[in-house]
Amino acid sequence: MTDQINVQAAADKFLAAIGRPLASWAEACVKCGLCAEACHFYQATKDPKYTPAWKILPIAKAHKARTGFLGMLGLAPKITEKDLKEWEELIFDTCNMCGRCTLVCPMGIDIASITGATRAAMAAAGVGPEDLFAAAENSRDRGSPLGLSPEKLEDRLEWLADDNEIDLPLDKKGADVLLTVSSIEMMKYPDSIVSMAKLLNHAGVNWTFSKKGYEATNFGYLTGKTDIAKTMTMRIVDAAEELGVKAVIIPECGHAYGVMRWQAANVIGRPLPFEVFHITEYLAKLKREGKFEFKPYSKPFTYHDPCQISRRGGATADARYLMEGLATDFREMTPTANSNWCCGGGGGVQAIARSAPIRYKVFKIKTEQVAATGVDTLVSSCANCRLTMDEAKAATKWTGGLESIVEILAEHLVTKDDD
Amino acid sequence: MDLLDFARGPAINVAMAVLVFGVLWRLLAIVFLGKPVDRTVPRLGTPGPFMAGVREIARRMVPHPTFAFAERFAFFNGWVFHVGLAIVVFGFRPHILFVKNLTGLSWPALPSGVIYAVGAITALSLTAALIKRLTSPVQRFISTADDYVSWLVTMAPVVTGLAAVGHVGARYETLLAIHILSVAVLLIWLPFGKLFHAVLVFLSRATTGAFLARRGV
Ligand code: SF4
Ligand code: SF4
C-alpha cells in the first residue's frame, strides 16, 4: 500500500517472532493439500492460490534464509518486496485466522498463527490494506476504529439509557465487573449493548463501563501493528486495574475475546489481574447460578459459531447452554460447533473493502448451511460476523434473518413486570 | 573395492552419519529457538501441554470427523505407504541383519513372500500419491522440487529393493549395490527436505495440541 516497503523490517520481524511453535509449523508442511478442503476461500473460488498451505511461504522463506542449512551459508533466497506485495492479498484479504484448516492438517500446522505473524512482518514493512490500517490508526488516535471517542461513548450511553430507561453505569467506583463494547455494536447494533446491560442488571451484577478502556476490538492485532495492539490492550487493562474489577467482559465480538482472553497477558508481558469472559460465557455462568429465567423463544433458528469464540476460544458449549430451555426449535447446522464454517469477515477482513466480492461468495456457504437446516433465522454471538453477514445478505439478496443471541436472551428474560 | 563394497562400506556409513548429524542439527535448531512464555490462564480442567501434545499426536492419526470424506484418499493411501515402508524396512530379514550388525539389536523377520507383496503394494501406493499430486490442481500448485525429489528418493529404494530380490535387470550384486546406494541417498536427503516431516510431525502436532488444549478446544 505505501510507497516505501521496508523488506528488512519484515525479515527482522519474522526472525523475532519465530520461536519453536512457528518454526515447527513453518517447516512441517507435506503439501498434501488437504487444508484447501477446510478453507472457505478455496471452497468458494476453487482457486488453488487460496490453499492455506500457500500462506506458509513467506514465513518459511524468511525463516530458511536465516536459519536453514543454506541460510547459514548465506545461500538461501531472501524474502523480497515482490513476495510481500504478492502475498498481501492472501495474508490480509483472504485469511480470517479462523483456524478451520488447522483441524484438517495431518501435521497440525496452525496457519492462523502463521498468518498472524506474517501480518506483523508485513505491517512492519508497510504492506497491507489501507482501510484496515486506517481502522487501526483510528483506534489508536480516536479511541475506536469507527470514531467512538470517550466523549461519544458517554453521549451514546446517555442516549441509550434515556431511550431504553435502563441504567448504564459509566466509571462507577467499586464495580466488580468492567463491561467493554465493540464500536460496531455501538454504531450499528446498539440494542445489543442495551441487552447486555439489561441481563447484567437483572442478575444484580455490580458492573460498569469505563471511558478509559471501552473499545474491545483490537485492530492493532488484526493489522499486525503490534504497538497499536498493545496500546488498545493497555487501555482496558489500565481501566480495569484503576477500577479494581475482578472481571472484564468482552461483548459479542470474536477476535476481541481471542485477543483479551488468549493474548493480552502475553502482549503486556504479565498475567492479567482479572478474569476475562466472553459475554456468552459470563451469561452462562450467571444462568448456572440460577440468576435467569427465560420465556420460550419459538422461532426456528440455527446458530453460527464465531470462530474466535468456538473453534479458537473454547467457549462453544456456553452458547448452547444458554439456548437450552429457551429455544423450542433450535437446529444445529452441519458442520457445526468447532467445525462450523467461518462467516468470511473475521480477522479484520470485514474492514477490507476490496475483499467484499469474495466475502459474498463465502457467504453462500453459510446460506446453504442455513437452508439445509430448514430454518431462515441465523443467530450469532459476534457483531462482526453479524455485520459481515448483514452486508453479504444485502448484496446477495438473501432473505433470511440475522439475530444476536444476547438480544434474544434479553427479550425473553422473565422480569418482575411479567408477574 | 567393487561397487557393492563401496555401497556397503563408505557410502552407507557416510549416509548414516549425515542422517544423524543432519537430523540433530535441524531438530536442535528448532528446539533452541525456544518457546515464548504463555502468561494467559489456561481454561479450567484442560490437560497440560505434555498430555495435550501426546493426545494430538494420536488424534491426527485418523481423519477429523468433519473431513473424513474429503480426506479419504489421502489418509488411506498415506497409511498404506507409511505402514508399507515400515514393514519392508523393519520386517525383512536382510534389513534386520544389517541393524543387528550395527547395533546388536534384532527381532523376528516376516516371511519374504509377505515382504515382496508389501513392497509391491507400497510402490503402487507411492505411485498413486504421485499421480494424485500431478493431477490435483491444489497439490500441483503448492508442490515444489522438494516434493518430487522426496518422492523419488523414497520410491527408489522400494523399486531397487524389489528389483534386487527379483534379480531383474542385472546381476544380483550390482542390483544390491544400487539398492544400498539408493538407501544412502534417502538417508542423506531426509534431514534436508520435506522427509524431515518424519521427525517434525511429532513436534508440530504436539505444539498444536498444547496450543488448542490451553484454550479448551
Ligand atoms: S494440510 Fe497441512 S500438511 Fe497438508 S498441505 Fe495443508 S498445511 Fe501442508
Ligand atoms: S485460517 Fe481460515 S481463512 Fe485462513 S487459511 Fe485457514 S481456513 Fe482459510
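Note on naming: letters A, B, ... go to the chains in the order of the sequence lines (proteins, then strands), and numbering restarts at 1 for each one. These figures come from a predicted structure and were not determined experimentally.
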When heavy-atom pairs shorter than 4.5 Å are enumerated against chain A, which of B/Gln139, B/Arg43, B/His64 gives the highest number?
-> B/Arg43
Go through the atoms of A/Thr67 and report whether side chain, backbone, both or neither lie under 4.5 Å from a heavy atom of chain B.
-> neither
State whether the side chain of B/Lys194 and the backbone N or O of A/Val30 hold a donor-acceptor pair below 3.5 Å, judged by distance alone.
-> yes
Are there residues of residues 200-217 of chain B that reach to under 4.5 Å of chain A by heavy atoms, and which ones?
-> B/Leu200, B/Val201, B/Leu203, B/Ser204, B/Arg205, B/Thr207, B/Thr208, B/Phe211, B/Leu212, B/Arg214, B/Arg215, B/Gly216, B/Val217
Identify which part of A/Leu103 has an atom lying under 4.5 Å from any heavy atom of chain B, answering side chain, backbone, both or neither.
-> both
Under the side-chain contact (heavy atoms from CB on, under 4.5 Å) criterion, do A/Gln263 and B/Thr40 qualify, and how do the steps go?
-> CA-CA 7 Å; A/Gln263 316 234 4; B/Thr40 61; 5.8 Å; no
Below 4.5 Å from any heavy atom of chain A, which atoms of B/Glu71 appear? Answer side chain, backbone, both or neither.
-> both
Side chain from CB out, backbone as N, CA, C, O: work out which of these in A/Ile18 comes under 4.5 Å of a heavy atom of chain B, or both, or neither.
-> both
Between NE2 on residue B/His197 and CD on residue A/Glu27, distance to nearest 0.5 Å = 14.0 Å
Under 4.5 Å from a heavy atom of chain A, the part of B/Val37 involved = backbone
Which atoms of A/Arg311 come close to chain B, meaning under 4.5 Å heavy atom to heavy atom: side chain ones, backbone ones, both, or neither?
-> backbone
Among A/Gly99, A/Gly108, A/Ala36, A/Ala265, the residue with the most heavy-atom pairs under 4.5 Å to chain B is A/Gly108
Checking heavy atoms, do the side chain of B/Pro65, its backbone, both or neither come under 4.5 Å from chain A?
-> neither
